[in-house]
Amino acid sequence: MKRTLTHLADGRELIYFDRDDGADRGAVDTRELPARPVASELRYDPLTEEWIAIAGHRQGRTFLPPADECPLCPSSPGRLTEIPAASYDVVVFENRFPSFSAQIGDYEQAGGLSEVRAGIGRCEVVCFTSDHDSSFSRLSPEQVELVMEAWADRTAELSAIPGVEQVFCFENRGAEIGITLAHPHGQIYAYPYVTPRTKLTLGAAERHRDRTGRNLFADVLAAEREAEVRVVAANEHWTAFVPAAARWPFEVHLYPHRRVPDLGGLEPEERRAFGPLYTEVLRRLDGLFGVPMPYIAAWHQAPVNTGRDLAYTHLELFSIRRAPEKLKYLAGSESAMGAFVNDVLPEEAARLLRVVVTS
């Protein structure tokens, strides 16, 4: 693998990840770009003890442009994009409209009980392929390995930024999810705090360890592998299963069989084994109703400074589609109270996914 660091016209970093060590990455971004926005402000909610990012500059971000104006495609004569090169394998660059960044501005206190501080951190875009019309499910095993190399590289680099407490790699796919760009891509957030979901799961893991002396995530995986009824697919190094208490109509978790705190801890053979299993799961989702399945795919990794002895890196994938023409909307119970009601029995969801023909 070849890794090449360069910069865009406004100073943002861009990194090429190539399978070919001889790839020429000398293309220069010649666009005239506006100054980079300052970091969002974080406001503390004393009722939930959570930080909320206020990022007004994101209102102006690019929204569903036509394919011939896609900013994630390679540049071509007469059409310059975020990627200066005429072709690429995998590219990572700083988001032009970030929720968190190192561009610190001036922030006034909001008054009341809400503390305000700078949204220090970083947000990056990960382009999985230069093919605008492709999808993650159609990536080759070698291409998935390269994406995983990029995820692991960025996790390590972003974790070293002063003030960053957690690194989150994820993909939003489908108009129903609310994507703003159709090109196959994901994002990475480097948060200046530990996220609420991670705090909850690590708290549960700590209490489980205090009671049993064992790792909660490892016990969940072992129980699902033993029960088998919710397992969708598996190989030597990974198992994909629908969790027993799934919140979403179609939700699949993918666990490596060996606990590591973050993606950088995976061995080469574990990274190689991930792609074939994961793309199989994605194809099963797409084949379920005969239409591309909208989904969110979220890597759960250990925070930078806390809980690393408790965390267990894994991917959680879920879709809001519950039937061919029906979506699950977060209505009163879910949105206001955080109390989920799932319309699909997890065991049935796993069965439906298992019987999908993928080839």
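Starting from 1, each residue takes its place in the sequence as its number.
You'll find the side chain of Val252 reaches within 4.5 Å of the side chain of Leu353, heavy atoms only. With contacts defined as side-chain heavy-atom distances shorter than 4.5 Å, the pair Phe136/Val147 qualifies. A heavy-atom distance below 4.5 Å is found between the side chains of Arg154 and Arg122. No side-chain heavy atom of Arg209 sits under 4.5 Å from any side-chain heavy atom of Leu216. Using a 4.5 Å heavy-atom threshold, the side chains of Val144 and Phe128 count as separate.
Note: Phe289 and Phe250 have perpendicular aromatic rings, judged against thresholds of 30 and 60 degrees for the angle between ring planes. Ring-plane geometry between His314 and Phe217 is classed as tilted, the angle between the planes lying from 30 to 60 degrees on a 0 to 90 degree scale. Aromatic ring pairs are classed by plane angle as parallel below 30°, tilted from 30° to 60° and perpendicular above 60°; the pair His183 and His132 is perpendicular.
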Could you give me the CA-CA distance, side-chain angles and deciding distance for Ser99 and Tyr189, then say whether side chain to side chain donor-acceptor pair (under 3.5 Å) is met?
CA-CA 8 Å; Ser99 298; Tyr189 274 24; 3.2 Å; yes

Could you go step by step and tell me if Gln301 and Thr155 meet the side chain to side chain donor-acceptor pair (under 3.5 Å) rule?
CA-CA 9 Å; Gln301 306 190 82; Thr155 295; 3.2 Å; yes

Between Trp248 and Asn342, is the side chain to side chain contact (heavy atoms under 4.5 Å, CB included) condition met? List the steps.
CA-CA 6 Å; Trp248 303 93; Asn342 189 352; 5.7 Å; no

So Glu124 and Asn95, side chain to side chain donor-acceptor pair (under 3.5 Å) or not? Walk me through it.
CA-CA 5 Å; Glu124 298 183 338; Asn95 198 320; over 6 Å; no

Report the C-alpha distance between His208 and Glu206 in whole Å, list the side-chain angles of each, state the deciding distance to 0.1 Å, and finish with yes or no for side chain to side chain donor-acceptor pair (under 3.5 Å).
CA-CA 5 Å; His208 182 82; Glu206 184 174 31; over 6 Å; no

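Taking 4.0 Å as the cut-off between side-chain N and carboxylate O, Glu142 and Arg19 do not count as a salt-bridged pair. With respect to Asp286 and Arg173, a salt bridge is recorded, a charged nitrogen being found less than 4.0 Å from a carboxylate O. Ion pairing of Glu94 with Arg36 is present here, as a side-chain N (NZ or NE/NH1/NH2) and a carboxylate O approach within less than 4.0 Å. Here Lys326 does not pair with Asp343 in a salt bridge; the nearest charged N to carboxylate O distance is not below 4.0 Å. Ion pair Lys2/Asp20 not flagged as a salt bridge, since none of the NZ, NE, NH1 or NH2 atoms sits closer than 4.0 Å to an Asp/Glu carboxylate oxygen. Residues Glu316 and Arg197 are paired through a salt bridge, judged by an N-O separation under 4.0 Å between the basic side chain and the carboxylate. Electrostatic pairing of Glu267 and Arg271 does not count as a salt bridge here, judged by no charged N lying under 4.0 Å from a carboxylate O. Ion pair Arg43/Glu41 flagged as a salt bridge, since at least one NZ, NE, NH1 or NH2 atom sits closer than 4.0 Å to an Asp/Glu carboxylate oxygen. Looking at Arg12 and Glu82, a side-chain N of the basic residue comes within less than 4.0 Å of a carboxylate O on the acidic one, giving a salt bridge. By the 4.0 Å N-to-carboxylate-O rule, Arg351 lies close enough to Glu348 to be salt-bridged with it. Between Asp10 and Arg31 no salt bridge is recorded (no basic side-chain N to carboxylate O distance below 4.0 Å).
In this structure, Phe318 CZ and Ile296 CD1 are separated by 4.0 Å, a value rounded to the nearest 0.5 Å.
Nearest heavy-atom pair across Pro184 and Ser134 is CG-O, 3.1 Å. In terms of heavy-atom proximity, Ser159 sits nearest to Val304 at O-CG1, 3.6 Å. Gln109 and Ser114 make their closest contact through OE1-O, 4.1 Å (heavy atoms, listed as atom of the first residue, atom of the second, distance). Here the shortest heavy-atom pairing between Leu263 and Cys169 reads CD1-SG, 4.4 Å. In terms of heavy-atom proximity, Cys127 sits nearest to His185 at CA-CB, 4.2 Å. Smallest separation of non-hydrogen atoms from Leu181 and Pro65: CD2-CD, 3.6 Å.
The side chain to side chain donor-acceptor pair (under 3.5 Å) test with His257 singles out one residue from Glu236, Glu270, Arg225, and that residue is Arg225.
Note: Tyr88 and Phe17 fail the aromatic proximity criterion, with ring centroids not under 6.0 Å apart. No close placement of the Phe274 and His237 rings is indicated, their centers lying 6.0 Å or farther apart.
Both tests do not hold together for Arg230 against Phe241: distance to the six-membered ring centre under 6.0 Å, angle to the ring axis within 45°. Arg247 forms a cation-pi arrangement with Phe340, by the criterion of a distance under 6.0 Å to the ring centre and an angle within 45° of the ring axis.
Listed for the Ser130 side chain is no donor-acceptor partner under 3.5 Å among the backbone atoms of Ser87.
For the salt bridge (Lys or Arg N to Asp or Glu O under 4.0 Å) test, no residue two or more places apart in sequence or in another chain qualifies with Arg117. With sequence neighbours left out, Glu115 forms a salt bridge (Lys or Arg N to Asp or Glu O under 4.0 Å) with no residue at all.
Of the N and O atoms on the side chains of Gln166 and Thr198, at least one donor lies less than 3.5 Å from an acceptor on the other residue. Judged by distance alone, the side chains of Tyr295 and Glu171 do bring a donor and an acceptor atom under 3.5 Å apart.
Ile320 and Leu315 are assigned to two separate hydrophobic clusters, defined by single-linkage of ILVMFWY side chains at heavy-atom distances under 4.5 Å.
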